[in-house]
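Take a look at the structure set out below.
Whatever order the structure lists them in is the order used to number ligands and atoms, beginning at 1.
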Amino acid sequence: MPELRQDSFSGDWIILSPGRATRPHELHNAVSARVPLPKETCPFEDIGFAGNGVILEAWPTAKKWKIAVIPNKYPALVHGEACAVDFRDGFYEAKTGIGVHELVITRDHKKTFADLDRDTATQLFAVFQERYRTAKDGCSAYAVAFLNYGPSVGASIWHPHYQIMATPFVPPHIVQSLHGARVYFNKHHRCLRCDLLREERKKKTRIIEENRNAIALAPYASKRPFEVRVTPKKHFPRFEDTPRAVIADVASLIQSSLRRLRKYAGDPDLNFFIHDAPFAGGDHPYHHWHAEILPNLSYLGGLEFSTGIYINVTDPDEAAKILRGKSKQ
Ligand SMILES: [Zn+2]
Ligand SMILES: [Zn+2]
């Protein structure tokens, strides 16, 4: 019997319909050739060139950089002197395309996030935090850091890189998931995500891995097969205000989850991103930031695009078991 499951935060519904193909090798597998393109054609071997000569931030130093932040050469949103301005376009409403669009590049041409050493992975997240603080310029309302891993999910350049975007409004998708958390907080005076973690840790079936400060689990209402969520155990509304020890453990669990997806789920193309509270609209004490990993292991079709309802053929309990390495493939 298929099951309809609701996301407690966004109110989104998914249809869990396991039974047909549920195991990684039976799924539509957007696995790309993981063969590095030649270094000679890589724009990120010369970041001065790729960033039009501008390097916004480098670690540990500009000369010996292991991590560098550059402006996107083809930005979707541009950072200007003024904030975005609303205007009318005849019948329609629009805004000028002001915001932030930066690239964060790690030096090694081949090492994706899963394979960075712990120090560099932690520092990468610390750089994200720093860029979030810089993006808080009074014009931006929301920022997101993300990775596109594989051409089917948006990676157009081989060399491992991450993007930071800030928008002049809070995206409706974010507003919607904040809503569920706020309603719960007003009713119970507790954080929905803290309570959810407590339940999941009691139940254990969807937990993939834990370390001192973070936990990786397969969400109850997973939209895609083998979706993973990595959450700090303690309550922190804002990513950019979270202490380094916690950031380090979240980064390390994301790395471990990516290695598990590579080993047990066929190394699918995937995105990961940080789900932070908006800059705008107060402190959002009910929000509990986290990272989401979305493998591209299913086709999106008419139902998903027309209704926002996703069909997921892999039971998250089963996905967690497989990713723990405890299931016969
Ligand atoms: Zn390169
Ligand atoms: Zn919480």
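Annotation for L196: hydrophobic cluster partners, listed by chain and number, are F9, Y184, L192 (ILVMFWY side-chain heavy atoms under 4.5 Å, direct or chained).
Taking hydrophobic clusters as Ile, Leu, Val, Met, Phe, Trp and Tyr residues chained together by side-chain heavy-atom distances below 4.5 Å, I164 shares a cluster with I254. There is no path of hydrophobic side-chain contacts, each under 4.5 Å, that joins L16 to L323.
Protein atoms of type N/O/S that fall under 2.8 Å from the Zn ion (ligand 2) number 4 in this view. Legend: protein N/O/S atoms lying under 2.8 Å from the Zn ion (ligand 1), waters omitted, number 4.
Among residue pairs with one or both ends in residues 122-150, those qualifying as salt bridge (charged side-chain N to carboxylate O under 4.0 Å, His left out) are E57-R131, E102-R131, E130-R133, K136-E240; sequence neighbours excluded.
Between D249 and R118 there is a salt bridge, since at least one side-chain N of the basic residue sits less than 4.0 Å from a carboxylate O of the acidic one.
With F272 as the partner, the side-chain contact (heavy atoms from CB on, under 4.5 Å) test is satisfied by one option alone out of N148, V228, I293: I293.
A donor-acceptor contact shorter than 3.5 Å is absent between the side chain of D269 and the backbone of N296.
Judged by the 6.0 Å and 45° rule, R34 forms a cation-pi pair with Y149.
Here the side chains of L258 and R262 are not in contact, with every heavy-atom distance at 4.5 Å or above.
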